[in-house]
Peer 1: 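Next up is a structure, given as C-alpha cells.
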2 protein chains.
Amino acid sequence: MLKTPETRTDSKTKSKVREAAPANRILVGDCVSLMRDLPAGSVDMVFADPPYNLQLSGDLMRPNHTRVDGVDEEWDRFADFATYDRFTRDWLGAARHALKDDGTLWVIGSYHNIFRVGAILQDLGYWILNDIIWRKTNPMPNFRGKRFTNAHETMIWAAKSQDAKYFFAYEAMKNLNEELQMRSDWLFPLCTGSERLRDADGNKAHPTQKPEALLYRVLSSSTRVGDTVLDPFFGTGTTGAVAKRLRRNWIGIEREKTYAEVALSRIGQVEPAAEAELLEPPTKRSQPRVPFGWLVERGLLQPGTTLYDTRRRHSARIKADGTLVGANHLGEHNGSIHKVGAAMQGLPACNGWTFWHYVEGGQLAPIDMLRQRVIAEMH
Amino acid sequence: MLKTPETRTDSKTKSKVREAAPANRILVGDCVSLMRDLPAGSVDMVFADPPYNLQLSGDLMRPNHTRVDGVDEEWDRFADFATYDRFTRDWLGAARHALKDDGTLWVIGSYHNIFRVGAILQDLGYWILNDIIWRKTNPMPNFRGKRFTNAHETMIWAAKSQDAKYFFAYEAMKNLNEELQMRSDWLFPLCTGSERLRDADGNKAHPTQKPEALLYRVLSSSTRVGDTVLDPFFGTGTTGAVAKRLRRNWIGIEREKTYAEVALSRIGQVEPAAEAELLEPPTKRSQPRVPFGWLVERGLLQPGTTLYDTRRRHSARIKADGTLVGANHLGEHNGSIHKVGAAMQGLPACNGWTFWHYVEGGQLAPIDMLRQRVIAEMH
DNA sequence: CCCGTTAATGAATCGGCAG
DNA sequence: ACTGCCGATTCATTAACGG
C-alpha cells in the first residue's frame with residue numbers, strides 16, 4: 001500500500017455507524033479482490049475508466065494472432081465478448097459492494113465497450129441516471145476517411161438502485177453553466193500539453209490519461225466536500241488529483257506499480273483549493289425549513305395583513321395561526337400559504353413562498369424575502 | 001400492403017443476381033416475420049428506431065403544473081429487460097437476413113435501451129463503425145432538477161461483419177461540414193412546428209417523430225442514389241419521406257395501420273430532389289457560448305482567486321462552481337460574473353467578461369482573454 | 001400589418017419528510 | 001410500509017393573442 005504525505009483516516013461522521021474505507025491511498029493489485037476487501041457500503045462514489053474491449057487490443061486474441069474462418073468465427077467472437085463481459089460483471093459487482101446504498105457510479109468508455117458495460121450494470125441492478133457525452137474539441141481525425149471522426153466518449157452515471165437517494169449538485173452545475181441547466185453533452189479538450197504526464201524520454205506515462213477538467217465536473221456534480229471517491233482503474237491518478245484539489249477523499253486501485261508511483265508523486269504536488277466554503281454553495285434544498293407561521297410569530301407580518309400575487313389578481317388575509325383565508329368565485333379557502341395559493345388559482349399545487357407578496361412602501365415583495373431574513377438569523 | 005402512387009419495382013442492376021426487395025411500399029404487420037420474408041441480402045441499409053422501453057411510471061408535471069405528454073403507448077411496454085432483449089435479438093436477426101453483406105445498419109436509442117441494443121448487435125456479429133450523438137438544440141429540460149438535462153440521443157452505425165466493404169460518402173460528409181471531417185456528434189433541433197405531423201385535433205400523430213434533417217444526414221452518408229433503405233419501425237415514415245427526396249428506394253414496416261396511413265399520405269406529397277440539389281449547402285456555425293465556470297473547470301482560474309476591476313476599486317473571489325462572491329457597503333453579493341459586477345457598482349447590468357480582471361505577473365488582464373483561449377480551442 | 005406578450009410543448013426512467 | 005403535506009422545479013422554439 002502506497003501512502004500519501006497527508007495520509008488521513010478520518011472516521012467519517014455519518015448517521016449510520018459503518019466502517020470507514022482507508023482514504024487517500026493507492027492500493028496496488030487486482031481491483032476486484034481489493035474492492036471486495038473494502039468495508040461494504042464505504043464509499044460515496046466510484047469513478048471507473050476500465051480497459052476497452054480486450055478483443056480489440058489483441059490481449060484476448062489467440063497467441064498467434066490468427067483470425068478464425070467460417071463457423072468457428074462466431075464461437076471465437078462470442079468467447080471474446082464473454083470474457084470481457086465476465087470481467088465487467090466482476091468489477092461492477094465488486095464496486096457495488098464497496099458503494100454506499102445512496103452512492104453513485106460513473107463509468108467512461110467508447111463504442112467498443114460501453115454498450116456491454118451499460119447492459120451489464122443494468123442487469124446488476126444499477127439504475128442509469130444519465131449518459132453523458134464527452135465531446136472532444138480536438139479529437140484525432142479519421143486518417144483513412146472510412147468513418148466519421150470519433151469525436152466523443154460516453155460516460156454512464158448510475159445510482160445503486162431505482163429508489164436510491166443519490167446526490168446531485170443541481171445548483172452548482174447550473175452555476176457552472178451560467179444559470180442554465182447543465183446538459184448531458186460536455187465539451188472538453190483532450191489531456192495534452194503540460195497537463196499530460198510524460199516520462200524522462202518524453203513518452204506518455206499512460207496512454208489514456210483523462211483531462212482534469214472532466215473529473216472536476218464529475219466530482220463536483222455528484223459528491224460533497226469530505227466524501228470518498230473510489231477509482232478502481234486509477235492509472236496515473238487523475239481522479240485522485242482532482243479529488244484532493246476539491247477536498248474529497250480518494251481511494252485508488254491500480255494493478256501496475258509504475259502507474260501507481262507516477263500517480264502518487266503527482267497527487268503529492270496538488271494543493272487543495274481555498275476554504276471549504278468556497279466549494280459548497282448552499283443549495284435551496286439544504287436550507288433549514290422555516291414555517292410561514294414563524295414570520296407571524298416574529299412580527300415580520302401581522303395577522304390581518306393582506307397578501308397578493310404579483311399582478312394583484314388574487315388576495316388573501318393572514319390569520320393569527322399562520323394560515324391564510326381568501327375567496328374567489330369558487331368560494332372561501334382556508335389553509336397553508338401553499339394550499340390557498342393553489343385553490344385561488346385552481347391549480348393542484350403552488351409554492352406559496354414565491355406566489356404570495358406583501359406590500360412594503362407601495363411595492364410588492366415576495367414573502368420568501370422575509371423567510372430569507374429568518375434563515376440568515378438562524379446562523 | 002399499401003402502395004404509393006409512383007410504385008416501382010425496379011429490378012436492381014447490381015453485380016450479384018439477387019431477388020430484389022419490393023421497394024417503395026409499406027408493409028403492415030410484425031417486422032420480424034416480414035423482414036424474414038424479404039429476399040435474403042436484398043436491402044442496402046436498415047434504419048431502425050425501435051421502442052426505447054422508457055419504463056415511465058407516474059405523471060411528470062412541469063413547474064407550472066401542466067402535465068408532460070410522455071410516451072405511454074402499448075408498443076413501448078415490456079415486462080422486463082429479458083423480454084426487451086428477446087425482442088431486440090429477434091428484429092436485429094431478421095434485419096441481418098434482409099441486409100446485403102456490404103450493407104449497414106443504423107439504430108437510434110436513448111440510455112434506456114441503447115446499451116442493450118449495442119451489446120446484442122455485437123453478439124449477433126455486426127461490427128460497430130461509429131456511435132453517433134444527436135445533440136438536441138432544444139431538449140426538454142429536467143423539470144425537477146434531479147439530473148442533467150437529457151439533451152441527446154445515440155445512434156449506432158454498424159456493418160454486417162468486421163470485414164464487410166461498406167459504403168461511406170466521405171467527401172459528401174466533409175462538404176456538409178465546411179471541408180472538415182464530419183464528426184460523431186451532430187447538432188439538430190427536435191421535430192416541431194410545421195414539420196411535426198398532427199391529427200385534426202392538433203395531437204401528435206406519433207409521439208416520437210424524428211426530424212428529417214437527421215435522416216437526411218444518415219441516408220446521404222451511407223447510401224447511394226437508387227439504393228434501397230429498410231425501416232422496420234416506420235411510424236409516420238420520416239425515413240421514407242427523406243429517402244424519396246434523396247432518390248433512394250425505401251421499404252417501411254409498421255404494425256399500426258394508423259401510422260402507416262399517415263406515412264403513405266405524407267410520402268405521396270414529397271417531391272424527389274433534382275440530381276444537382278442532392279447536397280445541401282453548408283450550414284453556418286454559430287459562435288459558441290462559453291460560460292465562466294468552464295474556465296474554472298479547466299484550471300485557467302482557481303477557486304479562491306481574487307478578481308478586480310481595472311482600477312482595483314472592486315474585488316471578488318471565485319467559487320468552485322464558477323460564481324463570484326464580493327462585498328461592498330450594501331452587503332455581500334453572490335452570483336454570476338455579470339450579476340456580481342453589476343451589484344458591486346450599483347448598476348443594473350454589467351458585462352463581467354470585460355469588467356473583471358485577474359492578476360498575471362503583477363499585471364491585470366481581463367478574464368475575456370481566457371475565454372478567447374477556450375473559444376480558440378473550440379475552433 | 002407589425003410588434004410585444006403569453007401560451008404551448010418536446011422519447012422523461014424527474015421527492016422528501018413527518019407522523 | 002403507507003399517507004399526507006410541504007414546497008421545489010424549465011429551455012428553446014413556435015404559435016397564438018392582443019393592441
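Nothing here was measured: the structure is a model prediction, and the numbers come from that model.
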Peer 1: Determine whether the aromatic ring centres of B:Phe87 and B:Phe78 lie less than 6.0 Å apart.
Peer 2: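 Close enough - the centres of the two rings lie under 6.0 Å apart.
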
Peer 1: Once you apply a heavy-atom cut-off of 4.0 Å, does B:Arg77 come out as touching a base, just sugar-phosphate, or nothing?
Peer 2: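 No contact.
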
Peer 1: Within the structure shown, what part of the strands sits under 4.0 Å from A:Thr354 by heavy-atom distance: base, sugar-phosphate, or nothing?
Peer 2: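 No contact.
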
Peer 1: Return yes if a side-chain donor-acceptor contact under 3.5 Å exists between B:Asn150 and B:Lys136, otherwise no.
Peer 2: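 No, no side-chain donor-acceptor pair sits under 3.5 Å.
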
Peer 1: Rounding to an integer number of Å, can you tell me how far A:Glu179 CD sits from D:dA12 P?
Peer 2: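 The distance from CD of A:Glu179 to P of D:dA12 comes to 13 Å, rounded to the nearest Å.
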
Peer 1: Heavy atoms only, 4.0 Å cut-off, all strands: where does B:Arg67 land among base, sugar-phosphate and nothing?
Peer 2: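 Contact class for B:Arg67: none.
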
Peer 1: May I ask you to check if A:Arg135 and A:Phe188 form a cation-pi contact, with NZ or CZ under 6.0 angstrom from the six-membered ring centre and within 45° of the axis?
Peer 2: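 No, A:Arg135 and A:Phe188 do not form such a contact.
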
Peer 1: Within the supplied structure, the quantity of interest is the number of heavy atoms (other residues, nucleotides, ligands) at a distance under 6.0 Å from B:Arg62 CZ; does it exceed 12?
Peer 2: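 Counting other residues, nucleotides and ligands, CZ of B:Arg62 exceeds 12 neighbours.
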
Peer 1: Tell me whether the centres of the aromatic rings in B:His206 and B:Tyr259 are closer together than 6.0 Å.
Peer 2: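 For B:His206 and B:Tyr259, the ring centres are under 6.0 Å apart.
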
Peer 1: Restricting to side-chain contact (heavy atoms from CB on, under 4.5 Å), what partner residues turn up for A:Val290, sequence neighbours left out?
Peer 2: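 By the side-chain contact (heavy atoms from CB on, under 4.5 Å) rule, A:Val290 matches A:Trp294, A:Arg371, A:Val374, A:Ile375, A:Met378.
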
Peer 1: Can you tell which of D:dT9, D:dA12, D:dA8 lies closest to the side chain of A:Ala349?
Peer 2: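 From the listed options, D:dA8 comes nearest.
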
Peer 1: Send over the distance from A:Arg311 CZ to C:dA7 C1', rounded to a whole Å.
Peer 2: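 Nearest whole value for this atom pair: 12 Å.
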
Peer 1: Whole-Å distance between D:dA8 P and A:Arg289 CZ?
Peer 2: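 Answer to the nearest Å: 10 Å.
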
Peer 1: Determine the Euclidean distance between corresponding C1' atoms of C:dT13 and D:dA12; express it in Å to zero decimal places.
Peer 2: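 It comes out at 23 Å once rounded to the nearest Å.
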
Peer 1: Whole Å only: how far is the CZ atom of A:Arg371 from the P atom of D:dC6?
Peer 2: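 Value for this atom pair: 13 Å.
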
Peer 1: When you match A:Tyr170 and A:Ser336 each to their closest nucleotide on DNA chain D, which lands nearer the 5' end?
Peer 2: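 Going by which nucleotide is closer to the 5' end, it is A:Ser336.
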
Peer 1: Measuring only the C1' atom in each nucleotide, how far is C:dG16 from D:dA1? A whole number of Å is fine.
Peer 2: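 Roughly 15 Å separates the two C1' atoms.
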
Peer 1: Determine the interplanar angle of the B:Trp91 and B:Phe233 rings, folded into 0 to 90°, and report it as parallel if under 30°, tilted if 30 to 60°, perpendicular if over 60°.
Peer 2: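 B:Trp91 and B:Phe233: perpendicular rings.
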
Peer 1: Please report the distance separating the P of C:dA7 from the corresponding atom of C:dA11, rounded so that it comes out in whole Å.
Peer 2: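 It works out to 23 Å between them.
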
Peer 1: What's the gap between D:dA16 and C:dC1 when it is taken at their C1' atoms, as a whole Å value?
Peer 2: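 The answer is 16 Å between these two C1' atoms.
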
Peer 1: Find the distance A:Asp185:CG to D:dA12:P and express it as a whole number of Å.
Peer 2: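 It works out to 12 Å between those atoms.
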
Peer 1: Tell me whether the OP1 or OP2 atom of D:dC6 has a side-chain N or O from A:His338 closer than 4.0 Å.
Peer 2: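 It does not, given that no N or O in the side chain of A:His338 lies less than 4.0 Å from OP1 or OP2 of D:dC6.
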
Peer 1: Once each nucleotide of nucleotides 10-19 of chain C is scored for protein heavy atoms under 4.0 Å, what B/S/- sequence comes out, 5' to 3'?
Peer 2: BBBBBSS---

Peer 1: Which whole-number value in Å describes the distance from A:Gln345 CD to C:dA7 C1'?
Peer 2: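 The answer, rounded to whole Å, is 15 Å.
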
Peer 1: Kindly label the base of C:dT13 as syn or anti, based on whether its glycosidic torsion lies within 90° of 0.
Peer 2: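 Because its glycosidic torsion lies within 90° of 0, C:dT13 adopts the syn conformation.
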
Peer 1: Roughly how many Å apart are C:dT9 and D:dT10, using the C1' atom of each and rounding to a whole number?
Peer 2: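 The same atom, C1', in both gives a distance of 11 Å.
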
Peer 1: Would you mind reading off the distance between A:Phe168 atom CZ and D:dT9 atom P, rounded to a whole angstrom?
Peer 2: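 After rounding, the reported distance stands at 12 Å.
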
Peer 1: Is the ring pair B:Trp157/B:Trp106 parallel, tilted or perpendicular, if the boundaries are 30 and 60 degrees?
Peer 2: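 B:Trp157 and B:Trp106: parallel rings.
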
Peer 1: How long is the line joining CE of A:Met173 and P of D:dT10, in whole Å?
Peer 2: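 Rounding to the nearest Å, CE of A:Met173 and P of D:dT10 are 15 Å apart.
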
Peer 1: Do the side chains of B:Phe115 and A:Val117 get nearer than 4.5 Å, heavy atoms only?
Peer 2: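 No; the side chains remain at least 4.5 Å from each other.
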
Peer 1: With pairs taken as Watson-Crick or G-U wobble and both distances under 3.5 angstrom, which stems of at least three consecutive pairs involve DNA chain C?
Peer 2: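 For DNA chain C the paired stretches long enough to count as stems (3 pairs minimum) are C:2-10 with D:11-19, C:15-19 with D:2-6.
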
Peer 1: If the plane angle is over 60° it's perpendicular, under 30° parallel, otherwise tilted; pick one for A:Trp186 and B:Phe148.
Peer 2: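 The rings of A:Trp186 and B:Phe148 stand perpendicular, inter-plane angle above 60°.
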
Peer 1: Just checking, B:Arg116 and B:Phe81: is the charged tip under 6.0 Å from the six-membered ring centre and within 45° of the axis?
Peer 2: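 The answer is yes; both the distance and angle limits are met.
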
Peer 1: Can you tell me how far P in D:dA8 sits from the matching atom in C:dA18, rounded to whole Å?
Peer 2: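 Rounded to whole Å, the distance is 15 Å.
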
